[in-house]
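Some notes on the structure that comes next.
Letters A, B, ... mirror the listed sequences (proteins, then strands); counts begin at 1.
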2 protein chains.
Amino acid sequence: MQSTLSALAEPNRLHIVELLLDGPLPVGEIADRLELNQPQVSKHLRVLTSAGLVEVQPEANRRIYKLQPKPLQELDEWLGSYRRMWEDRFDRLDAYLLELQGKANHQNASKQDPKQP
Amino acid sequence: MQSTLSALAEPNRLHIVELLLDGPLPVGEIADRLELNQPQVSKHLRVLTSAGLVEVQPEANRRIYKLQPKPLQELDEWLGSYRRMWEDRFDRLDAYLLELQGKANHQNASKQDPKQP
DNA sequence: CATCTATATGCCTTGACAGGCATATTCCAA
DNA sequence: TTGGAATATGCCTGTCAAGGCATATAGATG
């Protein structure tokens, strides 16, 4: 989860992942399409590998990398577990004020855009 | 998207976001619960703010931060647009070989675990 | 105004990381 | 075996970001 996010935080790595969504590719192809130097691609692929995001498959001379669904699925599930919250809306300021203090001093904090007035 | 990932890549910031999923909180509370120094929390919140992940709402002396659903939704959609792919499976090595070369020299690259032989 | 609280900012240091480049390694072919 | 293609690794450098700390700022209150 954390490692997944760190891995994807790097722009070029995100590009690599997006590229691999279309199917497995060897290192050279990736470097070619993204206009990166081969060594950097190898390094990025190492990070992605230790994050479990890709898997290598030797094919003769080349090493073909393919995406690994698990980490993306987990990220998806993480988001999914809170999906309903933002569909609802979680800017319930009152909730905090009530929960934190219990006092009744939360004087109408609805400066938001109330969808249903 | 990219900024969302970078923002969440930092462990403490991810914690802050997870914390705010339960509702808005003032800076001090966040620092308190996560056992972080207040200045660092303010800095993290600034990053989260410029990533659009949180929004501040001044309440008297304090500044209450609340989550902003949009970036998380976008991340969710990004994953969602590929969700079916990993449900299917995208380790179609043949696809690459055919697509890239068109040549007939892809000699039975199925070293994978063929689910349906 | 004096002061206290809550928060933001600035400065500094340190560590991590990405890119560039040379080189090692692996595999294939002749 | 020699050579060449594909890839990984090691070294170096520069940059950037995070933490620690002191301090500035804003609002409340007496």
Side-chain angles (χ1 to χ4, degrees), chain A residues 2-3 5-17 19-20 24-51 54-66 93 96-97 100-101 103 105-107 109 111, chain B residues 2-17 19-20 24-51 53-66 93 96-97 100-101 103 105-107 109 111:
Chain A
Q2 189 67 70
S3 61
L5 289 171
S6 315
L8 297 180
E10 214 286 325
N12 289 322
R13 279 196 293 264
L14 182 58
H15 291 148
I16 292 179
V17 167
L19 194 53
L20 291 183
L25 287 178
V27 180
E29 264 294 303
I30 299 176
D32 226 35
R33 300 200 191 181
L34 299 184
E35 304 188 34
L36 297 174
N37 295 331
Q38 174 267 317
Q40 332 302 340
V41 173
S42 284
K43 290 175 187 174
H44 283 312
L45 285 170
R46 181 159 54 154
V47 176
L48 290 173
T49 300
S50 49
V54 301
E55 198 183 61
V56 66
Q57 170 173 348
E59 193 74 20
N61 214 1
R62 296 167 304 175
R63 316 197 68 197
I64 299 187
Y65 284 85
K66 71 181 180 204
L93 182 54
Y96 155 68
L97 290 170
L100 182 62
Q101 326 199 17
K103 301 175 187 172
N105 77 347
H106 64 109
Q107 71 284 28
K111 208 190 291 182
Chain B
Q2 188 67 69
S3 61
T4 303
L5 289 171
S6 315
L8 296 179
E10 214 287 324
N12 289 322
R13 279 196 293 264
L14 183 59
H15 291 148
I16 292 179
V17 166
L19 195 52
L20 291 184
L25 287 178
V27 180
E29 264 294 303
I30 300 175
D32 225 36
R33 301 199 191 181
L34 298 185
E35 304 186 34
L36 297 174
N37 295 332
Q38 174 266 318
Q40 333 301 337
V41 173
S42 284
K43 290 174 186 174
H44 284 311
L45 285 171
R46 181 159 55 153
V47 176
L48 290 174
T49 301
S50 50
L53 273 162
V54 301
E55 199 183 60
V56 66
Q57 170 171 349
E59 193 74 20
N61 214 3
R62 296 165 306 176
R63 315 197 69 198
I64 300 186
Y65 284 85
K66 71 179 181 206
L93 180 55
Y96 155 67
L97 290 170
L100 182 63
Q101 327 199 17
K103 303 174 187 172
N105 77 346
H106 64 109
Q107 71 283 28
K111 208 192 287 183

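If you measure from atom CD1 of B:Ile64 to atom P of C:dA8, you get 12 Å, rounded to the nearest angstrom. When rounded to the nearest whole Å, the span between CZ of B:Arg62 and P of C:dT7 equals 7 Å. If you measure from atom CD1 of B:Ile30 to atom P of C:dA8, you get 9 Å, rounded to the nearest angstrom. Atom CZ in A:Arg46 sits about 13 Å away from atom C1' in C:dA18, given to the nearest Å. Here the C1' atom of nucleotide C:dT7 and the CD1 atom of B:Ile16 are 14 Å apart, to the nearest Å. Note: CG (A:Leu45) to C1' (C:dA18) measures 14 Å, nearest angstrom.
Contacts of B:Leu14 classified as side chain to side chain contact (heavy atoms under 4.5 Å, CB included), with partners at least two apart in sequence or in another chain: A:Gln2, A:Leu5, A:Trp78, B:Leu8, B:Glu18.
Between A:His44 and C:dG19, a side-chain N or O to OP1/OP2 separation shorter than 4.0 Å is present. The side chain of B:Arg63 contributes no N or O atom lying less than 4.0 Å from OP1 or OP2 of C:dA6.
Of the options B:Leu25, B:Leu20, B:Ile16, a side-chain contact (heavy atoms from CB on, under 4.5 Å) to B:Val54 is made by B:Leu20 and by none of the others. When each of A:Leu34, A:Asp32, A:Val27 is checked for a side-chain contact (heavy atoms from CB on, under 4.5 Å) with A:Ile30, only A:Leu34 meets the rule.
Shown here for B:Ala51 and B:Ala7, the closest heavy-atom pair between the two residues is CB-CB, 3.9 Å.
Boundaries of the chain A contact region on DNA chain D are D:dA5 to D:dC11, first to last in 5' to 3' order (nucleotide atom under 4.0 Å from a heavy atom).
Proximity of B:Leu19 to B:Arg33: side-chain heavy atoms (C-beta onward) are separated by under 4.5 Å at one or more points.
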Check: Do B:Leu48 and B:Val17 pass the side chain to side chain contact (heavy atoms under 4.5 Å, CB included) test, and can you show the C-alpha distance, the side-chain angles, and the key distance before you say yes or no?
Finding: CA-CA 9 Å; B:Leu48 290 174; B:Val17 166; 4.0 Å; yes

Next item on the list: For B:Val47 and B:Arg13, run side chain to side chain contact (heavy atoms under 4.5 Å, CB included): C-alpha distance rounded to whole Å, both residues' side-chain angles, the deciding distance at 0.1 Å, then the answer.
Entry: CA-CA 9 Å; B:Val47 176; B:Arg13 279 196 293 264; 3.7 Å; yes

Check: If the sugar-phosphate is the primed atoms plus P, OP1 and OP2 and the base is the rest, what is the B/S/- string for nucleotides 23-30 of chain C, using protein heavy atoms under 4.0 Å?
Finding: ---BBS--

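Each of B:Val41 and A:Lys43 was matched to the nucleotide of DNA chain C holding its nearest heavy atom; the match closer to the 5' end belongs to B:Val41.
Expressed to the nearest 0.5 Å, how far NZ of A:Lys43 lies from CD of A:Glu10 amounts to 12.0 Å. For the atom pair CZ of B:Arg46 and NE2 of B:His44, the computed distance is 11.5 Å after rounding to the nearest 0.5 Å.
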